[in-house]
Structure formats: C-alpha cells, structure tokens
Number of protein chains: 2
Amino acid sequence: MLNQFHHTAEDMIRHNGGRATAGRIGILAILLAEQQAITHREIEQRLPQAQQLDRVTLYRALEWLVEKNLIHKVTSDDRAWRYHANRELHSHQHAHFKCTGCAQVICLDKLPVEANWPLPAGYRFQEIELTVKGLCANCC
Amino acid sequence: MLNQFHHTAEDMIRHNGGRATAGRIGILAILLAEQQAITHREIEQRLPQAQQLDRVTLYRALEWLVEKNLIHKVTSDDRAWRYHANRELHSHQHAHFKCTGCAQVICLDKLPVEANWPLPAGYRFQEIELTVKGLCANCC
DNA sequence: AAATAAATGCAACAATGTTGCGATTATTGT
DNA sequence: ACAATAATCGCAACATTGTTGCATTTATTT
Ligand SMILES: [Mn+2]
Ligand SMILES: [Mn+2]
Ligand SMILES: [Zn+2]
Ligand SMILES: [Zn+2]
C-alpha cells in the first residue's frame with residue numbers, strides 16, 4: 001500500500017531532522033515503492049496530479065534525500081541520474097544492471113570485486129562504480 | 001611528434017574507407033597523442049586555431065571514429081563523454097579510473113571481473129562498465 | 001498566534017548533445 | 001586537369017538534464 005510507504009517516508013524524513021513536506025514524503029514514498037532505480041522524470045510522472053512539484057523542487061528534494069543517505073543515485077550512459085531508496089542490501093556499495101533495450105536499471109546485491117584495485121603508483125582508491133549492461137527478461 | 005600521429009591517423013581513416021579530411025585526421029592524431037580519455041571540449045581546445053571545427057562536425061567525427069572502432073568513449077558521472085584511441089590494450093573490455101579531484105580519466109589495463117555475472121533469471125549479459133574513482137597522484 | 005528558518009516556485013541560465021538541410025569538398029573516373 | 005558524385009561540413013534551431021538567485025510560502029517552534 002502506498003499509504004504505508006507514506007508513513008514510513010515521513011518517519012525517515014523526520015528522523016533526519018528535515019521538514020516533512022508533502023513533496024518530500026511523496027517522492028520518498030514513490031522511491032520506497034519502486035523496485036528499480038528511476039529518473040527524475042519518472043518520479044515526476046508518478047506524482048499524483050494533485051501535488052505536482054516544480055522541477056527544481058524535485059531536484060532539490062532528491063539532493064537532500066541523497067545527502068541524508070535515504071536514497072542513492074546511479075550514473076548512467078544516458079546522462080540522467082536514477083534514484084533508488086536505500087534498503088539494507090544497498091546501504092553498502094553495490095553494482096547495477098541496465099537493460100539496453102528498455103533502459104530500466106536495477107540494483108544488484110553484491111559488488112564482487114576486490115576493493116583493493118591495482119592502481120598506478122601514488123593513486124588513492126575511493127570507490128567503484130559498476131554497471132552491467134544486457135537485456136532484461138522482458139527484452140530478451 | 002604530432003606529425004607522426006597525423007600520418008598514422010590518416011592511414012587508419014583511409015583503411016576504414018572514410019575520407020581523410022583535415023578535421024578527422026586532426027582529431028584522431030590528438031587522441032593518439034593523448035594518454036588519457038578526454039572530452040569533446042578538451043579535443044576542441046587542442047585543435048590548432050587554424051582548423052577549428054564546428055561543434056557538430058566534431059561530434060559527428062567522433063561518432064564515426066567510434067563506429068569504425070578506432071576510438072572508444074567512456075561514460076562519466078559528469079554527463080560528458082570522454083574519448084580515447086583504441087590501442088592493443090584497450091581493444092577489449094577494460095575498466096577506467098576517474099580522479100574525483102581533477103576529473104581526469106585514464107584507462108586501466110584489465111577488467112578483473114568474470115564476464116559471467118550472476119544476473120536474475122532470464123536476463124542476458126552483454127558488457128560491463130566499470131569506473132574506479134579516487135585521487136590521482138597529483139591530487140593526493 | 002507570531003516568529004523563524006526551511007522549503008518552494010519562478011525565471012533565467014548552463015552544459016552537453018542532436019537534427020535538418022543547404023553548401024562545400026575529397027575522391028573517382030574521364 | 002576537369003567534371004561528377006557522394007561524403008562531409010557548417011549553421012541554425014532544438015532537446016534534455018541539471019543548476020543558481022531570489023522573492024514567496026510554509027512547517028515547526030515558541
Ligand atoms: Mn543501487
Ligand atoms: Mn578506455
Ligand atoms: Zn529491458
Ligand atoms: Zn586528479
């Protein structure tokens with residue numbers, strides 16, 4: 001139920017010292033209900049007509065949610081960030097899958113790569129960004 | 001010597017059935033001379049004042065070089081493609097490093113990940129895109 | 001209910017890349 | 001060397017995604 005997610009969303013926002021505005025709650029509820037990582041545009045489309053937000057407000061709300069570590073965003077090759085709620089599985093580093101057919105992005109559970117990557121001398125490792133590309137079950 | 005690269009570039013272009021225009025040759029020579037993967041903008045800046053190209057022409061030349069497999073392009077989190085000449089090392093799949101300080105991108109030699117990634121049932125693997133982020137020797 | 005800081009909406013801007021189309025040019029054949 | 005031709009180029013216009021400044025509104029606290 002989306003109402004359930006609304007409640008959870010509001011809690012999460014308050015626990016992080018932010019104002020529980022309709023916009024933030026709605027956005028986070030959408031991301032909590034979503035299996036995949038979705039774009040700014042897709043979030044906009046899922047918002048009920050009654051409470052459409054300004055583009056900029058949506059961007060800023062997402063920025064805030066990322067800062068507070070409630071969601072994470074994923075780089076893609078189509079120049080559009082995709083956002084996804086942080087669940088237990090995804091609190092740490094993980095890889096992503098992107099379908100080259102329908103452009104959907106899902107989070108993969110693990111990041112089966114050694115964190116100690118062989119870098120040139122003097123370089124310092126910070127993090128790995130890994131996207132597996134292929135076809136999803138629908139597009140196969 | 002950049003002239004040497006010009007000669008090589010012209011050869012590579014002709015061998016692929018394309019017209020050896022000053023623009024294409026200049027671009028490919030720049031990419032051959034460059035260690036790192038560089039952006040459209042950076043290529044533009046390296047072109048001699050005498051033969052500045054239209055932005056669109058530059059984009060289309062790069063597109064053609066990628067099609068012909070003479071160069072490859074790299075996705076980044078700043079929404080700008082970066083281009084690099086295909087050498088032996090990079091003809092196959094490989095990972096990239098991006099410095100979070102100065103934004104430089106270099107190609108890493110290997111891709112120490114199994115090509116057979118554990119995907120959900122019904123999904124088909126195509127390729128891996130992997131970027132290691134960190135600080136380069138200068139920015140450390 | 002008033003005070004206050006946080007969040008919002010609007011307009012303007014920036015960066016990167018794409019498309020259509022007429023003009024130019026590299027290449028080929030004579 | 002010259003003409004024919006298709007490939008390439010340059011320009012203008014557009015698209016998408018995201019950012020910044022600032023005045024207005026609103027959630028929260030007192
Ligand atoms: Mn994820
Ligand atoms: Mn590379
Ligand atoms: Zn798909
Ligand atoms: Zn650096």
Side-chain angles (χ1 to χ4, degrees), chain A residues 6-7 9-29 37-45 47-68 70-83 98 103 105, chain B residues 6 9-28 37-45 47-68 70-83 98 103 105:
Chain A
H6 270 78
H7 188 78
E10 182 168 349
D11 273 3
M12 293 170 73
I13 292 167
R14 288 194 193 281
H15 282 159
N16 277 275
R19 287 193 184 172
T21 66
R24 275 187 188 163
I25 296 174
I27 293 169
L28 184 50
I38 57 179
T39 62
H40 174 277
R41 176 62 61 100
E42 290 167 323
I43 295 169
E44 204 170 33
Q45 290 166 343
L47 280 171
Q49 200 65 26
Q51 50 159 295
Q52 289 291 318
L53 295 174
D54 187 77
R55 291 171 3 93
V56 178
T57 303
L58 181 42
Y59 276 118
R60 292 203 263 232
L62 289 169
E63 191 182 15
W64 186 86
L65 291 168
V66 169
E67 265 173 23
K68 296 308 182 183
L70 300 179
I71 66 176
H72 64 281
K73 59 177 178 177
V74 186
T75 302
S76 179
D77 53 9
D78 61 5
R79 308 159 31 85
W81 295 108
R82 282 174 175 74
Y83 300 86
K98 179 172 184 189
V105 172
Chain B
H6 270 78
E10 181 169 350
D11 273 2
M12 294 170 72
I13 291 167
R14 288 195 194 281
H15 283 160
N16 278 275
R19 287 192 183 172
T21 65
R24 275 186 188 165
I25 297 174
I27 293 169
L28 184 50
I38 58 180
T39 62
H40 175 276
R41 176 61 60 101
E42 290 168 323
I43 296 170
E44 204 170 33
Q45 291 166 344
L47 280 172
Q49 199 65 26
Q51 48 158 300
Q52 290 291 318
L53 294 174
D54 186 78
R55 289 170 4 93
V56 177
T57 303
L58 181 42
Y59 276 118
R60 292 204 261 232
L62 289 169
E63 191 183 15
W64 186 87
L65 291 168
V66 169
E67 264 172 23
K68 296 307 181 182
L70 300 180
I71 67 176
H72 64 280
K73 59 178 177 176
V74 186
T75 302
S76 179
D77 52 9
D78 60 6
R79 311 161 28 85
W81 294 108
R82 282 176 174 74
Y83 301 86
K98 178 170 185 192
V105 172

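So that the names make sense, note that chain A is the first sequence line, chain B the second, and so on, each numbered from 1.
Residues A/His7 and A/Ile25 are not in side-chain contact: their nearest non-hydrogen atoms beyond the backbone lie 4.5 Å or more apart. Using a 4.5 Å heavy-atom cutoff, the side chains of A/Val105 and A/Ile38 are not in contact.
Axis angle between the ends of the helix from C/dA1-D/dT30 to C/dT30-D/dA1, five pairs each and rounded to 10 degrees, works out to 30°.
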| note | Scoring nucleotides 7-16 of chain D by protein non-hydrogen atoms under 4.0 Å (B base, S sugar-phosphate only, - none) yields BSSBBB---B

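Rounded to whole Å, atom P of C/dG17 lies 11 Å from atom CD of B/Glu44. Going from atom CD1 of B/Ile38 over to atom C1' of C/dT16 covers 16 Å, rounded to whole Å. Going from atom CD of B/Glu10 over to atom P of C/dA26 covers 11 Å, rounded to whole Å. Rounded to whole Å, atom C1' of D/dT25 lies 17 Å from atom CD of A/Gln51. Following rounding to the nearest Å, A/Tyr59 (OH) and C/dC13 (P) show an atom-to-atom distance of 19 Å. Computed from coordinates, the A/Glu63 CD to C/dT8 P distance equals 12 Å when rounded to whole Å. At whole-Å resolution of the value, CD1 in A/Ile13 and P in C/dA6 are 16 Å apart. The interatomic distance linking B/Tyr83 (OH) with C/dT16 (P) rounds to 12 Å, in whole Å.
Side-chain proximity of B/Ala80 to D/dT28, D/dG18, C/dT16: nearest is C/dT16.
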| request: Might you work through the ring pair (Phe, Tyr, Trp, His ring centres under 6.0 Å) test for B/Tyr59 and B/His40, ending with a clear yes or no? | output: CA-CA 7 Å; B/Tyr59 276 118; B/His40 175 276; 3.8 Å; yes

| message | I'd like to know whether B/Arg41 forms a salt bridge (charged side-chain N to carboxylate O under 4.0 Å, His left out) with B/Glu44, so could you lay out the CA-CA distance, the side-chain angles of the two residues, the decisive distance to 0.1 Å, and finally the verdict. | response | CA-CA 5 Å; B/Arg41 176 61 60 101; B/Glu44 204 170 33; 3.7 Å; yes

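The main-chain N or O of B/Thr39 is found under 3.5 Å from a side-chain atom of B/Glu42 such that the two form a donor-acceptor pair. Within the 3.5 Å criterion, the main-chain N or O of A/Arg79 finds a donor-acceptor partner in the side chain of B/Arg79.
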Show the atom names and distances, to 0.1 Å, of all donor-acceptor pairs under 3.5 Å that link a side chain in residues 12-20 of chain A to residues at least two apart or in another chain.
| from | atom 1 | to | atom 2 | distance (Å) |
| --- | --- | --- | --- | --- |
| A/Arg14 | NE | A/Glu10 | OE2 | 3.2 |
| A/Arg14 | NH2 | A/Glu10 | OE2 | 2.8 |
| A/Asn16 | ND2 | A/Met12 | O | 2.9 |

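The CG atom of A/Leu70 sits 14.0 Å away from the OH atom of A/Tyr83 when rounded to the nearest 0.5 Å. Rounded to the nearest 0.5 Å, atoms CD1 (B/Ile27) and CG (B/Leu47) are 6.0 Å apart.
Distances shorter than 4.0 Å separate some side-chain N or O of A/Trp81 from OP1 or OP2 on D/dG18. The side chain of A/Arg14 contributes an N or O atom lying less than 4.0 Å from OP1 or OP2 of D/dT28.
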